[in-house]
Amino acid sequence: MWIPDYAYLRISPSDWSTIALASAPHRLVATAVLILVFASACSLPGTAIAKPSPSPGSAILGDPDQERPVPIVSIQPSPILGNLVAQGDPNALPGHLLISDRGNSRVIELDPTGQIVWQFPPPGYKGTMPFDQPDDAFYSPFKDKISTNEEFEHTIQVIDKQTNTVTWTYGTPYQTGSGPNHLNGPDDAFLLPDGRLIAADIMNCRVVFIKPDATTTQVGHTGVCRHDPANGYLAAPNGDAPDSTYLHLVVTEIQGSYVDVFSLTDLTLEYSFHSPATYPSDAELQPDGTFILTDYVTNGSVYRVDKTGKLLWSYSVGLDHPSIALGLPNGFVCVSDDYGNRVQIIDPATNKVVWQYGVKNVPGATAGHLNTPDGLDFLPPPDTTP
């Protein structure tokens, strides 16, 4: 597996008790900076802005079963559209798909045939800050902007889709912290209808709400990492998804494998449940009241559960660290197979893969390839109702 620029260290669930803050990043963390990350989690960093570089002779560490072979799902391209970049039936994707192609440091939007219809950054882009390994990307409520979080850069950047420019940033590149304009492992940055940004600030054990004037509020007690959402404590949150009505906020806690549902209006806890995932990632509330989430491990899975955590459906064929799954309007489920370098759409009725973009275990940036696709969002076709 190719890991860009510097080595990251996976912290397994069994290691939580050995870590002082009892938290962990959603992805891999550089071995050489792990101690510094924890030491600075609750303090402001220095003034120097520099991207970390690997120590001489540093080793890339991963899960011990990383090289274990997994089944490869083979599907055939539809014969009706000729030159397809995506495999399978284009009708399986009833709109456009936004992919955070983290290993290629880009965000792309695909049509059902797999053609790239939009991409950021554009050729020759020179921004005011790096756009380094976007971990997630989500459409704004009005679909005119895209919010991204660069977890290892510790920044959030908002893109105007029409002008292809970054219009709003929060965080200081490559500096961790918890004070003004600092984050520590931001994940799942969403724009709300009232103009605020929200993000799961993993290492600070909080969900932060950011206004356009850069003032913030939060759920969680900075640097105090434990599962007690009724009293405002969170344990390494890596997901903070609003539901489609923007009435509920779904927070995923890595430590303990919990999913918490808050009222988005007043941030009071509605309920919390234990998920079946070993390493839960990005739970999302579906219109029918169920939840879809992934298990971010080598032999990963996608789960649909009810509000008590009861397992209703699962899929786990050949997935390697899937980080997010989306319920589509047609009933299918789209999942990012991060380390498999592909995105798949699954029919839950048959557990068959009906659409795929990317080639299993073949990272790349050319047409039909991805490199560690880490985030997904869905854009339905425009409403043509008169």
Does the side chain of [X] reach to within under 4.5 Å of the side chain of [Y], using non-hydrogen atoms?
X    : Y    : answer
R106 : I116 : yes
N341 : V362 : no
T169 : T155 : no
L264 : L192 : yes
Q87  : V353 : no
V251 : P229 : no
P242 : I198 : yes
Y315 : V317 : yes

Practice prompt. For K161 and E109, run salt bridge (Lys or Arg N to Asp or Glu O under 4.0 Å): C-alpha distance rounded to whole Å, both residues' side-chain angles, the deciding distance at 0.1 Å, then the answer.
Written response: CA-CA 11 Å; K161 197 165 183 287; E109 182 180 299; 3.2 Å; yes
Minimum heavy-atom distance [X]-[Y], with the two atoms named:
X    : Y    : answer
P141 : P193 : CG-N, 3.6 Å
Q356 : Q344 : OE1-NE2, 2.9 Å
D136 : G375 : OD1-CA, 3.6 Å
P322 : G300 : CD-CA, 3.7 Å
C205 : P237 : CA-CD, 3.6 Å
V302 : A325 : CG1-CB, 3.7 Å

Worksheet item: By salt bridge (Lys or Arg N to Asp or Glu O under 4.0 Å), which residues pair with D194, not counting sequence neighbours?
Response: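 Testing D194 for salt bridge (Lys or Arg N to Asp or Glu O under 4.0 Å), a comparison that skips the adjacent residues, returns R196.
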Worksheet, complete the sentence: For D266, the salt bridge (Lys or Arg N to Asp or Glu O under 4.0 Å) test, sequence neighbours excluded, returns none
Are [X] and [Y] grouped together when hydrophobic residues (ILVMFWY) are joined by side-chain heavy atoms under 4.5 angstrom apart?
X    : Y    : answer
L319 : V333 : yes
I108 : I324 : yes
I99  : L328 : yes
L97  : L370 : yes

Determine whether a donor-acceptor pair (N or O, by modelled atom type, separation under 3.5 Å) exists between the side chain of [X] and the backbone of [Y].
X    : Y    : answer
H248 : S263 : no
W355 : P112 : yes
N149 : A189 : yes
N204 : R206 : no
T165 : D160 : no
N371 : N104 : no
Q286 : E284 : yes
D240 : A199 : yes
D337 : R342 : no
S275 : S257 : yes

Item to complete: Could you give me the CA-CA distance, side-chain angles and deciding distance for T217 and L267, then say whether side-chain contact (heavy atoms from CB on, under 4.5 Å) is met?
Response: CA-CA 11 Å; T217 56; L267 298 180; 5.6 Å; no
For [X], all residues meeting side chain to side chain contact (heavy atoms under 4.5 Å, CB included), sequence neighbours excluded:
X    : result
T252 : N238, P280, A283
P130 : D132, E153, P173, Y174
T366 : H369

Distance-only donor-acceptor check, side chains [X] and [Y], under 3.5 Å:
X    : Y    : answer
D374 : T372 : no
S336 : S323 : yes
T148 : Q157 : no
E150 : Q133 : no

Fill in: Single hit among D201, I202, T222 for side chain to side chain contact (heavy atoms under 4.5 Å, CB included) with N184
D201
Item to complete: Please work out which of the three classes, parallel, tilted or perpendicular, describes the rings of F190 and F138, given edges at 30° and 60°.
Response: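 Ring orientation, 0 to 90° scale: parallel.
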Practice prompt. Report the hydrophobic cluster partners of L285, with the cluster defined as I, L, V, M, F, W, Y residues connected by side-chain heavy atoms closer than 4.5 angstrom, directly or transitively.
Written response: V250, V259, V261, Y271, F273, F291, L293, Y303, V305, L311
Fill in: I210: hydrophobic cluster co-members (side-chain, 4.5 Å)
I156, V158, W168, Y170, L183, L191, L197, V208
Worksheet item: Above 12 or not: heavy atoms from other molecules or residues under 6.0 Å from NZ of K307?
Response: no
Practice prompt. For atom NZ of K352, decide whether the heavy atoms of other residues, nucleotides or ligands shown that lie under 6.0 angstrom number more than 12.
Written response: no
Discussion item. Show every side chain to side chain donor-acceptor pair (under 3.5 Å) that has at least one partner inside residues 120-129, sequence neighbours left out.
Written reply: none
Practice prompt. List the steps and the verdict of side-chain contact (heavy atoms from CB on, under 4.5 Å) for L379 and L98.
Written response: CA-CA 8 Å; L379 181 67; L98 192 68; over 6 Å; no
Practice prompt. Could you go through the side-chain contact (heavy atoms from CB on, under 4.5 Å) check for T298 and Y339 one step at a time?
Written response: CA-CA 8 Å; T298 299; Y339 288 6; over 6 Å; no
Reported [atom1]-to-[atom2] distance for the pair [X] and [Y], which is rounded to 0.5 angstrom:
X    : Y    : atom1 : atom2 : answer
D187 : E151 : CG    : CD    : 4.5 Å
S281 : D338 : OG    : CG    : 7.5 Å
F152 : D135 : CZ    : CG    : 6.0 Å

Ring pair (Phe, Tyr, Trp, His ring centres under 6.0 Å) against [X], all qualifying residues, sequence neighbours excluded:
X    : result
H274 : Y258
Y139 : none
Y233 : H221
F131 : F120

Practice prompt. Determine, stepwise, if the pair Q175 / H182 fulfils side-chain contact (heavy atoms from CB on, under 4.5 Å).
Written response: CA-CA 7 Å; Q175 291 190 18; H182 286 87; 3.4 Å; yes
